[in-house]
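So the structure is just underneath, and the comments pick up after that.
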Amino acid sequence: MRVLSLIRSRFAPILATWLTEPEALASALERIVASRESHLADYQANVAMPLQKKLEKPPLAIAEEILSKLDLSDICSSVSIAGQGYVNLRLSPEWLAKCLMEAHLDPERLAVGLAANPKTYVIDFSSPNVAKPMHVGHIRSTVIGDSVTKILRFLGHSVISDNHLGDWGTQFGMIIYGYKNFRDDVAFGQAPVLELSRIYRVVQKIIGFQDAVSNIPKLELAMERAEEKSAESKFKSAAAPQDKKLAKDFATAFKQLDEANDELAKSKKYIEETSRDAEFLECSKQHSQLGQRVLKETSKLHSGDAENLKLWEAFVPNCKEEIHSVYKRLNIQFDHEFGESYYHDLLPAVVEDLLARSLAVQSDGAICVFLDGYDAPMIVRKQDGAFLYSTTDIATAIFREREFAPDVSLYVVDHRQGEHFQKLFDVLRKIGLSHTELKHVEFGTVCGKDGKPYKTRSGAVVGLNAMLDEAVSGAWDVVCNPDRLQGSGLAFSEAEKRQIAETVGLGAIKYADLCHNRTSNYIFDMEKMVQLHGNTAAYIQYSYARTRSILRKAQAEGFETNQWQLAPLVLSASPEVNLGLQLLRFEDMLNQSMVDYLPNVVTEYLFDTAKLFSSFYDQCSVLDAETPESTRSRLRLTDLTSLTLRKGLELLGIGVVERM
RNA sequence: GGGCUCAUAGCUCAGUUGGACAGAGCAACGGAUUUCUAAUCCGUAGGUCGUAGGUUCGAGCCCUACUGGGCCUACCA
């Protein structure tokens with residue numbers, strides 16, 4: 001039910017007499033919102049105050065005038081003026097009940113309308129590098145992207161999801177080189193993906209070590225510079241002790257010196273420790289300049305070298321299979337999975353086109369697009385002739401344009417790539433993709449309890465599958481705790497227990513990710529998210545299970561579904577009204593959540609709904625109500641709550657269980 | 001050096017795009033119960049929204065400066 005637009009439509013003609021410009025009118029209408037002050041109003045219009053200058057009247061007088069022309073008698077039980085000029089609306093319980101009954105008659109869509117102007121979206125999300133082990137960092141893009149896809153589709157838009165797999169980059173050079181030099185044939189035969197991931201780590205470790213070694217002179221130079229600067233600014237500051245800016249410069253320079261010192265020491269320590277492993281050291285010697293060798297393998301692959309291409313063709317299906325097993329477990333599907341490799345043949349033409357348009361130029365042997373407002377150009381072809389992800393991204397956008405002609409193109413990618421996307425969008429607009437709205441749906445970093453990017457104590461990145469297992473086993477420990485099961489009188493089969501633990505555990509992971517505003521970093525705390533009270537998936541899933549329990553029990557006590565499915569809904573007790581108001585807001589909330597693609601608007605709504613239901617549950621007995629009419633009405637309200645919770649969780653990609 | 005971003009209760013985070021006394025969860029404290037699954041409910045306490053100015057009828061939100069963290073900054077993705 002679109003309550004806001006209905007109420008706004010009643011205000012519109014009144015406000016239009018003062019606000020003749022459509023934009024001014026639209027922004028005034030947006031000042032009509034669901035009220036935060038539930039003790040004062042259900043909805044409120046904050047329209048009188050901003051008009052006081054224009055109309056040269058006190059806001060209260062303006063509010064009076066609005067009120068005299070406003071007819072909401074069919075919807076509201078009271079319309080009043082409060083504070084400095086707020087127009088407060090209270091919905092009539094009858095109208096509220098009528099709307100909720102309509103929603104209840106439509107269990108699939110809950111009377112949520114389809115978009116009046118449906119758009120075509122292309123959404124690019126998840127997009128992991130297939131040869132690297134998938135880790136917790138990939139989950140945000142995957143979970144947020146999946147949820148946005150589901151919500152937009154539910155609202156009636158056409159959404160094309162594409163998993164832009166990193167299946168063509170430098171990491172393949174790494175595993176190709178590693179396969180040629182470090183493979184264990186037996187291990188590869190038994191579990192290719194595991195062996196490839198081991199190989200990947202071996203290569204990565206050597207490159208990391210060699211980089212650290214070759215970086216030392218640079219760090220030493222930086223140290224020296226910092227020392228000089230610090231000494232210089234100390235001298236300057238001493239000469240003019242009153243100058244605050246100089247004193248500050250000195251402090252900054254000193255701090256930078258400290259940092260440079262620290263970094264150098266850390267790097268030396270790492271090298272020293274790693275060098276103790278004689279075998280590793282020997283291996284690193286044998287494969288000197290590994291970074292270069294890897295780039296050569298990559299470049300050979302890209303230029304069609306038969307051996308490397310054959311290896312790539314052998315590796316990719318294995319890698320994909322591994323990744324698909326994670327998607328299957330998370331119940332996530334994509335319409336397309338054109339990886340980076342799909343665009344490879346198109347890249348030379350992209351660069352040619354950029355050169356022909358004089359957008360790109362040669363610089364230091366590379367081909368670059370220089371853009372206003374940025375120091376560094378966007379490089380589309382390297383000195384060695386290889387293409388970069390920028391080039392692929394341009395080719396991808398052109399392909400999508402031709403294939404899908406989207407109105408909106410969403411990229412659900414880490415916020416660190418913000419500048420890359422700004423540049424990319426700049427270039428895309430310049431080559432004529434101007435009618436497509438390009439949007440980087442960025443998200444923050446997942447951190448550990450220490451506030452730093454999530455890693456295990458040893459520093460290794462935590463694998464995704466292991467993390468999911470941990471969540472599921474954590475859920476099992478709490479949900480299937482024998483004490484609790486005995487206390488609640490529930491008897492689950494082993495299979496049901498497993499099903500519950502899986503649903504709750506995976507829900508916990510997804511929910512923890514979605515319930516934070518996507519733009520902020522968040523601290524990943526497995527213990528907390530698997531706990532079953534507070535703002536967690538389990539609390540909502542539990543509320544759902546309670547709704548189902550009541551409905552089952554009603555059936556058992558002889559309330560046949562057809563006795564109450566069409567019974568009148570009467571909202572009298574305040575928990576009933578509060579819950580009803582919340583359920584009424586479902587559609588407005590979904591639309592709000594997609595204004596800026598924020599799934600946390602949905603999680604917050606569901607958490608509030610679950611809390612209001614718990615309150616209702618506590619204070620209003622359904623099966624033991626004063627009258628049979630009341631029981632029937634409450635059964636209907638419970639059922640609608642049940643459907644709303646389930647649909648809301650479904651739109652987040654989170655499942656429910658009938659008992660838990 | 002340039003750019004982006006963040007700073008809200010002891011902790012983790014919201015804050016409907018500028019509206020009423022700043023909210024929730026966790027932790028703490030005090031109540032409720034032999035339950036339609038207590039994994040619950042009701043209540044108490046906890047905040048000069050990093051600092052200082054500015055714009056506005058009105059600022060956690062917008063502008064400026066400052067402080068302190070994170071990230072990016074030419075051939076990785």
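Every chain is numbered from 1 and lettered A, B, ... according to where its sequence line falls, protein lines coming before strand lines.
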Does Ser621(A) reach a base, just sugar-phosphate, or nothing at all? Heavy atoms under 4.0 Å.
base
A14(B), OP1 or OP2 - any side-chain N/O from Tyr605(A) closer than 4.0 Å?
no
In terms of side-chain heavy atoms of Ser614(A), which of U12(B), A27(B), C41(B) is nearest?
C41(B)
Counting the atoms with a prime plus P, OP1 and OP2 as sugar-phosphate, which does Leu623(A) contact under 4.0 Å by heavy atoms, base, sugar-phosphate, or nothing?
base
Base, sugar-phosphate, or nothing for Val478(A), non-hydrogen atoms under 4.0 angstrom?
nothing
At under 4.0 Å between heavy atoms, what does Ser363(A) touch on the DNA or RNA strands: base, sugar-phosphate, or nothing?
base
Whole-Å P distance, U51(B) and G60(B)
11 Å
Categorize Met589(A) for me: base, sugar-phosphate, or nothing, with a 4.0 angstrom heavy-atom threshold over every strand shown.
nothing
From C41(B), A14(B), C72(B), nucleotide with atom closest to Glu419(A) side chain
C72(B)
Out of A20(B), G25(B), A74(B), which nucleotide sits closest to the side chain of Phe607(A)?
G25(B)
Counting any heavy atom closer than 4.0 Å, what does Val622(A) reach on the DNA or RNA strands: base, sugar-phosphate only, or nothing?
base
Compare the minimum distances between each of G15(B), C42(B), A20(B) and the side chain of Ser615(A), then state the nucleotide with the smallest one.
C42(B)
Please work out if Cys447(A) contacts a base, only the sugar-phosphate, or nothing of the nucleic acid, heavy-atom cut-off 4.0 Å.
nothing
Is there a donor-acceptor contact under 3.5 Å linking the side chains of Gln619(A) and Ser615(A)?
yes
So that I can tick it off, tell me whether Arg293(A) and Glu297(A) are bridged by a salt bridge, with the cut-off set at under 4.0 angstrom between side-chain N and carboxylate O.
no
Which nucleotide wins on minimum distance to the side chain of Tyr542(A), given the candidates A14(B), U40(B), A74(B)?
U40(B)
Non-hydrogen side-chain atoms of Val203(A) and Val294(A) separated by less than 4.5 Å
yes
Using a heavy-atom distance cut-off of less than 4.0 Å, which residues of residues 548-561 of chain A contact RNA chain B?
Ser549(A), Ile550(A), Lys553(A)
May I ask you to say what His164(A) touches in the nucleic acid, namely base, sugar-phosphate or nothing, with a heavy-atom cut-off under 4.0 Å?
nothing
In U17(B), glycosidic geometry as syn within 90° of 0 or anti otherwise
syn
Assign Asp167(A) to base, sugar-phosphate, or nothing according to its heavy-atom contacts below 4.0 angstrom with the strands shown.
nothing
Before accepting this row, confirm whether a basic side-chain N of the pair Lys611(A)/Asp608(A) lies closer than 4.0 Å to the acidic partner's carboxylate O.
yes
Short N-O contact, Arg416(A) and Glu442(A), less than 4.0 angstrom
no
Where the side chain of Lys611(A) is defined as all heavy atoms beyond and including C-beta, which of U37(B), G25(B), U40(B) is the nearest nucleotide?
G25(B)
Rounded distance in Å - OH (Tyr389(A)) to P (C72(B))
11 Å
What nucleic acid atoms does Gln383(A) come within less than 4.0 Å of, heavy atoms only: base, sugar-phosphate, or nothing?
base
Where are the stems of RNA chain B, defined as at least 3 consecutive Watson-Crick or wobble G-U pairs with both distances under 3.5 Å?
B:1-7 with B:67-73, B:10-13 with B:23-26, B:28-32 with B:40-44, B:50-54 with B:62-66
Please tell me whether Tyr411(A) and Gln417(A) have a donor and an acceptor in their side chains that are separated by less than 3.5 angstrom.
no
At 4.0 Å (heavy atoms only), tell me whether Asp375(A) reaches a base, stays on the sugar-phosphate, or touches nothing.
base
Any idea which heavy atoms bring Thr631(A) and Ala625(A) closest together, and the distance?
OG1-CB, 3.4 Å
State whether Asp211(A) and Lys218(A) are salt-bridged, where the test is any N-O pair (Lys NZ or Arg NE/NH1/NH2 against Asp/Glu carboxylate O) under 4.0 Å.
no
In terms of side-chain heavy atoms of Lys53(A), which of C41(B), C57(B), G18(B) is nearest?
C57(B)
Looking only at non-hydrogen atoms, find the nearest pair between Ala28(A) and Val47(A) and report the distance.
O-CG1, 3.4 Å
Of the nucleotides U17(B), A77(B), C57(B), which one has an atom closest to the side chain of Asp596(A)?
U17(B)
Base, sugar-phosphate or nothing for Glu37(A)? Non-hydrogen atoms, less than 4.0 Å.
base
Indicate whether OP1 or OP2 belonging to G15(B) is found under 4.0 Å from a side-chain N or O atom of Asn600(A).
yes
Taking any heavy-atom pair under 4.0 Å as a contact, classify Glu340(A): base, sugar-phosphate, or nothing.
sugar-phosphate
What nucleic acid atoms does Pro59(A) come within less than 4.0 Å of, heavy atoms only: base, sugar-phosphate, or nothing?
nothing
Measuring from the side chain of Met49(A) (C-beta onward, heavy atoms only), which nucleotide among C42(B), C57(B), G25(B) has the closest atom?
C57(B)
Is it the case that the side chains of Asp167(A) and Tyr342(A) hold a donor-acceptor pair, with the cut-off being a distance below 3.5 Å and no angle test?
no
Can you tell me which nucleotide in U12(B), U17(B), A74(B) comes closest to the side chain of Val33(A)?
U17(B)
